[in-house]
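Because only heavy atoms are used, hydrogens play no part in the values below, and waters and symmetry mates are left out as well, while side chains stay in. Positions are given from 1, in the same order as the sequence printed here. Every number for a ligand or one of its atoms is a count from 1 in the order of the listing. Predicted model only: the values in this text are computed from it and were never measured.
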Amino acid sequence: MSGDGVPPRVAEHFSEPVARRLVGLRRDLHANPELSFKEEQTASRLIAALIDLGIRDAKRVANTGVVARVKGRRSGAPLVAVRGDIDALPIQEATGLPFASTAAGVMHACGHDVHASWAVGAAALLAGNPAEGDVLVVLQPAEETGKGAVAMLETGALDGVAAIFGGHVDRRFEVGQIVADEGPLAASADTFEIEVLGGGAHAARPHESHDPIVAAAAIVTALQTIVARRLNPATPGVVTIGTIQAGSASNVIPDRALLTGTVRAVEPISRTMMLDEVRAIATSIATGYGVTARVTLDMGTPPIVNPSGPTAWAREAAATVVGRDNVVPLGFLNMAGEDFAHYMERIPGCFMRIGAREPGGAVIPAHAPTFYPAEASLFVGASVLAECARVASAALA
Ligand SMILES: [Zn+2]
Ligand SMILES: [Zn+2]
């Protein structure tokens with residue numbers, strides 16, 4: 001493969017035609033981004049690329065998702081999965097890349113063009129050097145809306161998968177560096193709505209009703225005790241009230257106040273506790289103030305907590321691909337969500353960060369209109385996912 005920043009020990013596993021095909025796929029996806037659950041052309045391109053690389057067992061699931069099955073050395077050995085997400089964001093691209101988005105206001109600003117391509121690349125590598133058992137390559141739509149993983153799981157396409165691996169490009173790390181830390185990696189992101197209902201009255205005669213504004217104010221204050229007094233101080237968590245709406249005039253006690261907010265946690269047990277406390281505090285404070293609180297919880301993505309077993313496999317795979325010195329710690333806690341967490345609620349696995357900054361390049365945050373992963377990260381991602389599948393498959397067999 002031509003010298004384009006790909007670590008030599010990674011490059012040697014890709015033939016020139018395969019490397020060209022993967023780069024072509026990535027640029028094609030980047031130039032033609034599609035939003036969550038609208039990835040029609042993307043899915044067609046991915047299936048075409050898989051077939052082109054000799055992987056014929058590829059099919060559409062969950063409308064715009066794709067799963068491909070790569071044969072292992074031994075039938076009956078456990079099934080392992082690798083996942084790449086494929087959707088883009090409603091952002092106007094400003095990278096100036098020669099293969100920049102041709103779709104106005106839509107952009108691969110999170111690097112899912114590379115994730116989709118590296119999953120296809122992993123399939124190609126596994127076809128040439130198979131794992132012990134079959135490997136399912138999961139090309140997932142709609143990660144950005146947090147709905148795609150659940151949609152894929154609901155089709156049953158991942159039934160029987162014994163371990164799953166995925167990763168995200170990250171320009172805080174150089175190409176050739178991989179993070180595969182055990183423990184919390186991404187936070188849960190749930191939202192809630194609290195509707196406080198009183199009776200309504202004249203502002204001069206509060207004794208004729210119960211005031212939802214005063215109750216809502218007390219609820220806002222009391223909710224602050226969840227993090228301060230209920231959460232283990234050694235565990236990160238956030239409760240934020242983002243909106244308050246109530247009232248229409250200064251001389252009216254309204255009949256209703258509405259609060260909305262979000263809860264973030266990095267451990268499933270603290271996530272459940274915090275959401276339970278939001279409900280319990282809101283309803284009991286409301287009762288004390290003579291009003292009613294209706295609490296609605298909207299469960300978003302769970303936290304990602306990499307478990308020890310699959311993480312050890314991923315670390316071994318990463319060390320094989322980039323060398324032990326380049327398996328680096330995350331070094332900071334990520335409070336953003338990632339819907340790979342939905343797989344990990346049901347399937348043991350590991351989620352990695354894959355370095356995507358070219359030497360001397362800037363740290364550009366994902367979701368910025370100038371964000372792009374260095375192309376060489378594609379080959380590192382493909383290699384480490386294929387190796388994760390081989391290591392896990394051998395360990396499980
Ligand atoms: Zn994103
Ligand atoms: Zn992303």
Side-chain angles (χ1 to χ4, degrees), residues 26 29-30 32-39 42-43 46 64-66 82-95 101 103 105-122 137-152 164-173 175 178-180 184-191 262 264 300-304 306 330 332-344 349-357 363-375 377-378 380-382 384-385:
R26 185 272 168 135
L29 295 177
H30 192 92
N32 299 282
E34 293 174 301
L35 294 174
S36 304
F37 283 133
K38 304 230 158 55
E39 307 93 336
T42 303
L46 291 168
T64 51
V66 174
V82 298
R83 172 272 211 173
D85 41 4
I86 68 172
D87 57 326
L89 284 157
I91 294 173
Q92 180 64 43
E93 180 159 351
T95 61
S101 172
V106 185
M107 176 195 176
H108 269 296
C110 203
H112 299 184
D113 50 333
V114 168
H115 301 172
S117 305
W118 75 29
V120 171
V137 177
V138 178
L139 294 158
Q140 180 213 302
E143 191 285 326
E144 294 295 354
T145 57
K147 307 287 184 209
V150 172
M152 294 294 275
I164 186 163
F165 299 89
H168 205 293
V169 288
D170 194 329
R171 286 189 62 99
R172 288 169 298 192
F173 301 94
V175 172
I178 297 174
V179 176
L185 191 92
S188 58
D190 304 313
T191 55
T262 184
R264 307 287 168 115
T301 41
I304 290 187
N306 282 334
L330 185 62
F332 46 84
L333 191 60
N334 177 14
M335 293 304 279
E338 157 64 54
D339 91 342
F340 189 82
H342 288 291
Y343 300 112
M344 287 179 56
C350 182
F351 194 72
M352 297 169 280
R353 308 294 297 185
I354 311 288
R357 187 177 82 239
V363 176
I364 309 167
H367 292 202
T370 50
F371 178 81
Y372 68 96
E375 202 146 63
S377 64
L378 191 175
V380 177
V384 74
L385 286 178

Flag the pair D87 and K147 as a salt bridge only when some basic side-chain nitrogen lies within less than 4.0 angstrom of an acidic carboxylate oxygen.
-> no

Shortest non-hydrogen pair, A43 vs T64, comes out as CB-O, 3.7 Å

Could E144 and K38 be called an ion pair, given the rule that one side-chain N must be under 4.0 Å from one carboxylate O?
-> no

Nearest heavy atoms of L385 and A122, plus distance in Å | CB-CB, 4.1 Å

Got a sec: is H168 within less than 2.8 Å of the Zn ion (ligand 2) via an N/O/S atom?
-> yes

Which residues and atoms, counting only protein N, O or S, are under 2.8 Å from the Zn ion (ligand 1)?
-> C110 SG, E144 OE1, E144 OE2, H367 NE2

Residues passing the ring-ring contact (aromatic ring centres under 6.0 Å, His included) test with H112, sequence neighbours excluded, are H115, H168

Check for a donor-acceptor pair, side chain of E34 on one end and backbone N or O of T42 on the other, with a separation under 3.5 Å.
-> yes

